[in-house]
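Data block below; observations after.
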Amino acid sequence: MRVRFAPSPTGALHIGGARTALYNWFVARGSGGTLVLRIEDTDRERSTPENVEQILDALRWLELDYDEGPISQVERSSRHAEVLQQLLDQDLAYRTTATAEDVKAYKAQHGADKGFRGRPEAEGAVRLRVPEDEELVVHDLIRGDTTFRTVHLDDPVIARADGTALYNFAVAIDDHDARITHVIRGEDHLSNTPKQLLVYRALGVDPPAFAHLPLLHGPDGKKLSKRHGAASVQELRAEGYLPAAIRNYLALLGWGDADDETIITTDELVKRFDITRVSKNPARFDVQKLRWLNGRYLRELSLDELTAALEEHTGRTGLRSVVEISCEKIQTLADFWPLAGFFFDGPTTTDAKAREQWLGDDGRAALGDARGALAALPEDGFTVEEIDVALRAVVQAREAKPKQVFQPVRVALAGTTVSPGIFETLAVLGRDESLRRIDAALGG
RNA sequence: GCCGCCAUCGUCUAGGGGACUAGGACGCCGCCCUCUCACGGCGGAAACCGGGGUUCGAAUCCCCGUGGCGGUACCA
């Protein structure tokens, strides 16, 4: 199999596009075939070299490698011109100056469901001749057969007046020349397929196999955008999601097999993925589930791996001991700093409500007792076990509930009521720093 | 408007005529664990869009309706 992924290089690799890339990759890898990249860059306005590079970078980050490409439509313009002239010579296509308004007028006269047929002229855009009334069947690996009648189809413009090729024309030529066997793309291309089928016919070649993926929407059913948290792979990366988790989540967004499992390794996915089992319904992107899944993947990393990932993400070093005690509390790399930043930057989050609740008269009294117990511990005895014993003794002595002692300490150290385990936090912070922070809290 | 695609819990899905008191996962709720938040464990609420057929029997097949989405560019 020769499968091709054709991103539209607008800079960001949209999540829907990432899923299409992933499915293409599954099919290519699963069949021992080849993944070819084809860049849809005939619209030079937005397809800058920088944008193309950003897409490739996102693909590499997701670890979706391609064997060939990128094929650039712009670079293939002479080939497109050659085929165009051929179709013109064979009278399979014709030039016309008819505009969109002319097409509208034509329909007003002949009926809205009648496709536009133009009159050949010496100049103008090139339109492909569409058979008068014939049934064009799109065989789709996911949807089965869809029939389009050519009467409804306008003669499509395949090249501008200046001779440059348009998408529906270029894509067929490029895919054929690249010997593509499988075209897997978004459902928004389904209606374009009959036009491409006509181009293949004019070329006198067999079309590839098609599979049209259902579209992806945001949680509200609308088009996915930044408003929904993230719309591109680049944004997911910035928010600290792992490539493996994204691959797993995206694989399941529109596909599932009889096993119905949720956490599946990429290797297993490649083996199991079956394009014919892809869902026909549009799916909604649910960040909640991705977060959960990402948390599962995060917790499967070794301490060293997670530390390295977090140090790269935060740009800080020396995170290991803190990572060790907070790893089960984060779902993305971005969750780490808000939770554990206080270890390094001090209790900067001034949570007034927390101070009010836990550092009132009772709290300060408990904190004072806790300070005494902690200060009694030797420098080299400031361990989780010893701190545990010492603090629980304070709880006993005060005939208090554990949290009545622990929470004031937590607020003094972290500035908030949420942190890793209090004994672990104290041990990692060390005796001196812990006492310093407690004194600061008591003094304020 | 015209052409086309789609329709199972809030979300992602399993299901392909009897195995369905419709299964799993996220989320939600409750309980357990517990120093907070989590993690983990246990339990719960929660769906076949509507109407007609076909059939002994329909979530599953057909038709209509409704709804959602896509295409309808000298964009891709």
Side-chain angles (χ1 to χ4, degrees), chain A residues 6-10 40-43 45-47 73 96-100 103 107-108 111-116 124-127 138 140 143 146-149 151-154 156-164 166-168 170-171 186-195 212 214-215 217 219 221-223 249 252-263 279-293 295-296 299 326-331 335 339 354 358 388 391-392 395 401-407 409-411 414 416-425:
Chain A
S8 181
T10 52
E40 308 203 319
D41 59 355
T42 53
D43 181 348
E45 292 291 300
R46 57 186 183 187
S47 310
Q73 292 175 85
T96 172
T97 54
T99 60
V103 173
K107 287 180 187 271
D113 61 341
K114 288 283 184 294
F116 172 77
V126 181
R127 285 184 188 261
V138 175
D140 189 288
R143 290 153 206 282
T146 300
T147 304
F148 294 86
R149 289 180 53 193
V151 251
H152 302 311
L153 212 62
D154 295 334
V157 175
I158 56 176
R160 302 180 177 93
D162 67 5
T164 55
L166 253 30
Y167 171 75
N168 285 120
V171 71
E187 193 199 309
D188 48 339
H189 286 287
L190 185 59
S191 307
N192 286 152
T193 311
K195 299 177 196 169
H212 289 93
L215 266 17
H217 295 129
K222 297 282 170 51
K223 207 167 141 77
Y249 177 69
L252 261 23
L253 236 199
W255 172 85
D257 70 0
D259 285 354
D260 210 17
E261 307 219 352
T262 305
I263 299 182
S279 168
K280 288 187 266 202
N281 320 2
R284 295 180 190 214
F285 179 75
D286 179 14
V287 204
Q288 299 254 58
K289 194 161 183 173
L290 207 214
R291 279 186 65 83
W292 168 81
L293 201 55
R296 295 287 301 247
R299 265 167 256 120
S326 39
C327 61
E328 88 262 4
K329 297 180 192 303
I330 61 174
Q331 290 184 306
D335 288 346
L339 173 77
W358 297 105
D388 188 329
L391 249 31
R392 284 188 196 282
V395 171
K401 292 193 172 183
K403 68 166 68 166
Q404 291 177 307
V405 174
F406 300 155
Q407 285 299 72
V409 175
R410 191 186 310 280
V411 173
T416 74
T417 55
V418 177
S419 81
I422 195 64
F423 311 133
E424 289 79 0
T425 298

Test item: Tyr249(A) side-chain N/O and Val287(A) main-chain N/O as donor-acceptor pair under 3.5 Å: no

Presence of Asn281(A) side-chain N/O under 4.0 Å of rU8(B) phosphate oxygens OP1/OP2: yes

Audit row: Gln288(A), Arg291(A), side-chain hydrogen bond (donor to acceptor under 3.5 Å, both in side chains) steps and yes/no: CA-CA 5 Å; Gln288(A) 299 254 58; Arg291(A) 279 186 65 83; 5.8 Å; no

Nearest-nucleotide comparison on RNA chain B, the residue closer to the 5′ end among Lys114(A) and Thr96(A): Lys114(A)

Sugar-phosphate only, base, or nothing, as touched by Ser8(A) at under 4.0 Å among non-hydrogen atoms: sugar-phosphate

CD on Gln73(A) to OG1 on Thr164(A), rounded to 0.5 Å: 11.0 Å

Nearest-angstrom distance, P atom, rC3(B) to rA45(B): 47 Å

Pair partner, rC3(B) [Watson-Crick or wobble, under 3.5 Å]: rG70(B)

Side-chain N,O (Arg299(A)) to OP1/OP2 (rA38(B)) below 4.0 Å: no

Closest to the Trp292(A) side chain, choosing from rC74(B), rA25(B), rC35(B): rA25(B)

Nucleotide rC6(B), atom P - distance to CG of Leu190(A) in whole Å: 8 Å

Sugar-phosphate, base or nothing in reach of Pro214(A), heavy atoms under 4.0 Å: nothing

Sugar-phosphate, base or nothing in reach of Phe285(A), heavy atoms under 4.0 Å: nothing

Spacing of the C1' atoms in rG51(B) and rA7(B) (rounded, Å): 15 Å

Side chain to side chain, Val138(A) and Arg143(A), heavy atoms closer than 4.5 Å: no

Separation of rU36(B) C1' from Trp358(A) CH2 (nearest whole Å): 8 Å

Between rC69(B) and rC12(B) - P atom distance, rounded Å: 14 Å

Minimum-distance nucleotide to Asp113(A) side chain [options: rC3(B), rC6(B), rC37(B)]: rC3(B)

Separation between the P atoms of rA59(B) and rC2(B), rounded to whole Å: 34 Å

Distance-only donor-acceptor test, Asn192(A) side-chain atoms vs rA76(B) base atoms, 3.5 Å: yes

Interatomic distance at P, rG50(B) relative to rU8(B), whole Å: 11 Å

Under-3.5 Å donor-acceptor pair between Ser191(A) side chain and rG4(B) base: no

rC35(B) OP1/OP2 closer than 4.0 Å to side-chain N/O of Arg392(A): yes

Toward the 5' end of RNA chain B, by each residue's nearest nucleotide, Asp286(A) or Leu166(A): Asp286(A)

CA sep, side-chain torsions, deciding dist, call: His212(A), Thr193(A), side-chain hydrogen bond (donor to acceptor under 3.5 Å, both in side chains): CA-CA 10 Å; His212(A) 289 93; Thr193(A) 311; 3.2 Å; yes

Separation of rC12(B) C1' from Glu261(A) CD (nearest whole Å): 15 Å

Touch class at under 4.0 angstrom, heavy-atom based, for Arg291(A) against every strand present: nothing

Side chain Lys329(A) and base rC37(B) donor-acceptor under 3.5 Å: yes

Atom-pair distance (CG on Asp188(A); P on rC3(B)), nearest Å: 21 Å

Approximate separation, where rounding is to 0.5 Å, of Leu253(A) CG and Leu290(A) CG: 8.5 Å

Any Arg127(A) side-chain nitrogen or oxygen under 4.0 Å from OP1 or OP2 of rC74(B): yes

Between rG16(B) and rC31(B) - C1' atom distance, rounded Å: 39 Å

Value in whole Å for how far the C1' atom of rC39(B) lies from CG of Asp335(A): 14 Å

Is_stacked (His212(A), rG70(B)) at 5.5 Å, 30 deg: no

Side chain of Tyr167(A) - closest among rA76(B), rC12(B), rG27(B): rA76(B)

Value in whole Å for how far the P atom of rA38(B) lies from CD of Gln331(A): 10 Å

Minimum-distance nucleotide to Ala112(A) side chain [options: rG1(B), rU36(B), rC12(B)]: rG1(B)

Span that lies between the C1' atom of rC62(B) and that of rC29(B), in whole angstrom: 42 Å

Between C1' of rU13(B) and CZ of Arg284(A), the distance in whole Å: 14 Å

Gap between atom CG of Asp388(A) and atom CD1 of Ile422(A) - 0.5 Å precision: 11.5 Å

Sugar-phosphate, base or nothing in reach of Gly186(A), heavy atoms under 4.0 Å: nothing

Proximal nucleotide (of rU36(B), rG27(B), rC74(B)) relative to the Thr417(A) side chain: rU36(B)

Span that lies between the P atom of rC75(B) and that of rU13(B), in whole angstrom: 34 Å

Whole-Å distance separating the NZ atom of Lys280(A) from the P atom of rC6(B): 5 Å

Test: Lys107(A) and Asp154(A) ion pair at under 4.0 Å: yes

Residue Arg410(A), side-chain heavy atoms: nucleotide from rC5(B), rC3(B), rC35(B) that is nearest: rC35(B)

